[in-house]
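Lettering follows sequence order; numbering is per chain, from 1.
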Protein chains: 2
Amino acid sequence: MTTSKRGRPRSFDREAALVRATLLFWQHGYEGTSVSDLTAAMGISPPSLYAAFGDKRALFTEVVERYGTTFGAFMDDALAQERDPRAGFARMLEEAAVAYTDPGHPAGCLVISAATNCSPQTADVEQDLRARRTANLRSFEARLEDARARGALSEEADTRALAVYFGAVVQGMSQQARDGASTQELRRVARLAMSAWPEPPA
Amino acid sequence: MTTSKRGRPRSFDREAALVRATLLFWQHGYEGTSVSDLTAAMGISPPSLYAAFGDKRALFTEVVERYGTTFGAFMDDALAQERDPRAGFARMLEEAAVAYTDPGHPAGCLVISAATNCSPQTADVEQDLRARRTANLRSFEARLEDARARGALSEEADTRALAVYFGAVVQGMSQQARDGASTQELRRVARLAMSAWPEPPA
DNA sequence: TGAGTTCTGTAGCGATCACTACGTTAATAC
DNA sequence: GTATTAACGTAGTGATCGCTACAGAACTCA
């Protein structure tokens, strides 16, 4: 394989520019971030942005997908890597407390907060992130149902309600982080939240 | 007192127009709602809007204040009217489950979701709603500290952590409602969330 | 070298943003 | 009646929105 191409080579680091765009969308959301803001932060001109990423919408989609495999990967990892489902959810919440308050990037979760209030024209962006959140919720529910099938969760446990509950806790922790909550406060929230975990089966 | 004034009388119902504006801001947020959207929904022309409410920012402020005394009043009411603090928080969450999914208006809470992602130019709006949320959190904490002082909560209870926890749960329920959660699902979340309430003092 | 290709910066496109100048209309005050 | 006051609709302000036409620059290929 070869990386050489015809024509004038790109004069900026596409990956670095993508990270800059991620941080901007993370902080101000999709509509709160203008193309002018993006080009200024990425250090490129509008034609370069459009040539490299398509348009604002495509750039945002790429940002969200990259976010899911990097900053946001801890959620799936925690649930998948812990054998004990309770430990998996507990670890997910603990890591959320740390990740959402990391001073190295904007607070909270991009998927949760980057498109919560959109104009009628960009309702599709709001819907895209909503679909990601509901997919996460289904992932929670599947993990809980799997735990129940394996006998790690009582038969009476309401997996749907627990899934919505953990989804709400994660989203709430994200917004608390954006509102200024500290890592320590969110850690305590994470521990309190685990009180809802049902008693083990007899 | 007299309600008569000089000059041409207003030809629209100011209160009704304010409600229309509330519903729009509630659904699409501050920046997601344009003055053009507002005038169309309120059935008035831009000069009438500016004469009656000042500007978009002032209208939003009035909407938020009115929201706090109507749709959003159930929170303070629940905490203030229940003698038992645990019952107060439980009632607040139960009523949130119903209010956030009321089909008569947009889902969730306006204070929580109307300005979560703002452009740098309107950061002050985001900050105003943030101040309201942190005030609510302090109200939670004060209620919990009062309960502990009265002996209704154990001395070891972490009132700050509990306040942040309940704030996160409420915010999470609001976003779950916007993401399509049903009243019943949120009711179950409310009940699960109360599991974190500490054991009564010995 | 020259042709072909692709990125670059400048400069500006039409559309929409929040907002308002202006002349008209409809009420009260005298 | 006339004067005064205030809301009305029309029509349009400058600024910013997302996006692009265009020409020059920098590369690979023959």
Asker: Taking only side-chain N and O atoms of B:Ser48, does any of them lie within less than 4.0 angstrom of OP1 or OP2 on D:dG9?
Answerer: yes
Asker: Under 4.0 Å between any heavy atoms, over every strand shown, what does A:Ser45 touch: base, sugar-phosphate, or nothing? Just pick one.
Answerer: base
Asker: Take atom CZ of B:Arg6 and atom P of D:dT2, then tell me their distance rounded to the nearest Å.
Answerer: 17 Å
Asker: Return the value, rounded to whole Å, for the distance between atom NE2 of A:His28 and atom P of D:dC17.
Answerer: 12 Å
Asker: Looking only at side-chain atoms of A:Ser11, point me to the closest of C:dC7, D:dG18, D:dT4.
Answerer: C:dC7
Asker: Identify, between B:Arg8 and A:Gly54, the residue whose nearest nucleotide on DNA chain D lies closer to the 5' end.
Answerer: B:Arg8
Asker: For the atom pair CZ (B:Phe12) and CD1 (B:Ile44), what is the distance rounded to the nearest 0.5 Å?
Answerer: 4.0 Å
Asker: Pick the closest DNA chain D nucleotide for B:Phe12 and for B:Gly7 by heavy atoms, then say which residue is nearer the 5' end.
Answerer: B:Gly7
Asker: Quick one: is C:dC17 close enough that its OP1 or OP2 comes under 4.0 Å of any side-chain N or O from B:Ser34?
Answerer: yes
Asker: Does the side chain of A:Met75 reach to within under 4.5 Å of the side chain of A:Glu95, using non-hydrogen atoms?
Answerer: no
Asker: Which is true for B:Pro9 with a 4.0 Å heavy-atom rule: it touches a base, it touches only sugar-phosphate, or it touches nothing?
Answerer: sugar-phosphate
Asker: Tell me if a side-chain donor or acceptor on B:Tyr165 pairs with a main-chain N or O of B:Ala193 at a distance below 3.5 Å.
Answerer: yes
Asker: Mapping B:Ser36 and A:Pro47 to their closest nucleotides on DNA chain C, which lands nearer the 5' end?
Answerer: A:Pro47
Asker: For B:Glu31 and D:dC17, what is the distance between atoms CD and P respectively, to the nearest whole Å?
Answerer: 10 Å
Asker: Can you tell me which nucleotide in D:dC29, C:dC7, C:dA11 comes closest to the side chain of A:Pro46?
Answerer: C:dA11
Asker: Within less than 4.0 Å of OP1 or OP2 of C:dC19, is there a side-chain N or O belonging to B:Tyr50?
Answerer: yes
Asker: Could you tell me if the ring centre of A:Phe60 sits under 6.0 Å from that of A:Tyr30?
Answerer: yes
Asker: Tell me, do B:Arg143 and B:Phe140 make a side-chain contact under 4.5 Å, heavy atoms counted?
Answerer: no
Asker: Figure out the CG/C1' separation between B:Asp37 and C:dA18, and round it to whole Å.
Answerer: 12 Å
Asker: Please report, rounded to the nearest Å, how far the P atom of C:dG9 is from the CD1 atom of A:Ile44.
Answerer: 9 Å
Asker: Any base atoms under 4.0 Å from B:Thr39, or only sugar-phosphate, or nothing? Heavy atoms, all strands.
Answerer: nothing
Asker: In whole angstroms, how far is the P atom of D:dT20 from the NZ atom of A:Lys56?
Answerer: 14 Å
Asker: When all nucleic acid strands are considered with a 4.0 Å heavy-atom cut-off, which category describes B:Ser119: base, sugar-phosphate, or nothing?
Answerer: nothing
Asker: Round to the nearest Å and state the distance from A:Leu49 atom CG to C:dC7 atom P.
Answerer: 13 Å
Asker: May I have the distance from A:Arg10 (atom CZ) to D:dA25 (atom C1'), rounded to whole angstrom?
Answerer: 16 Å
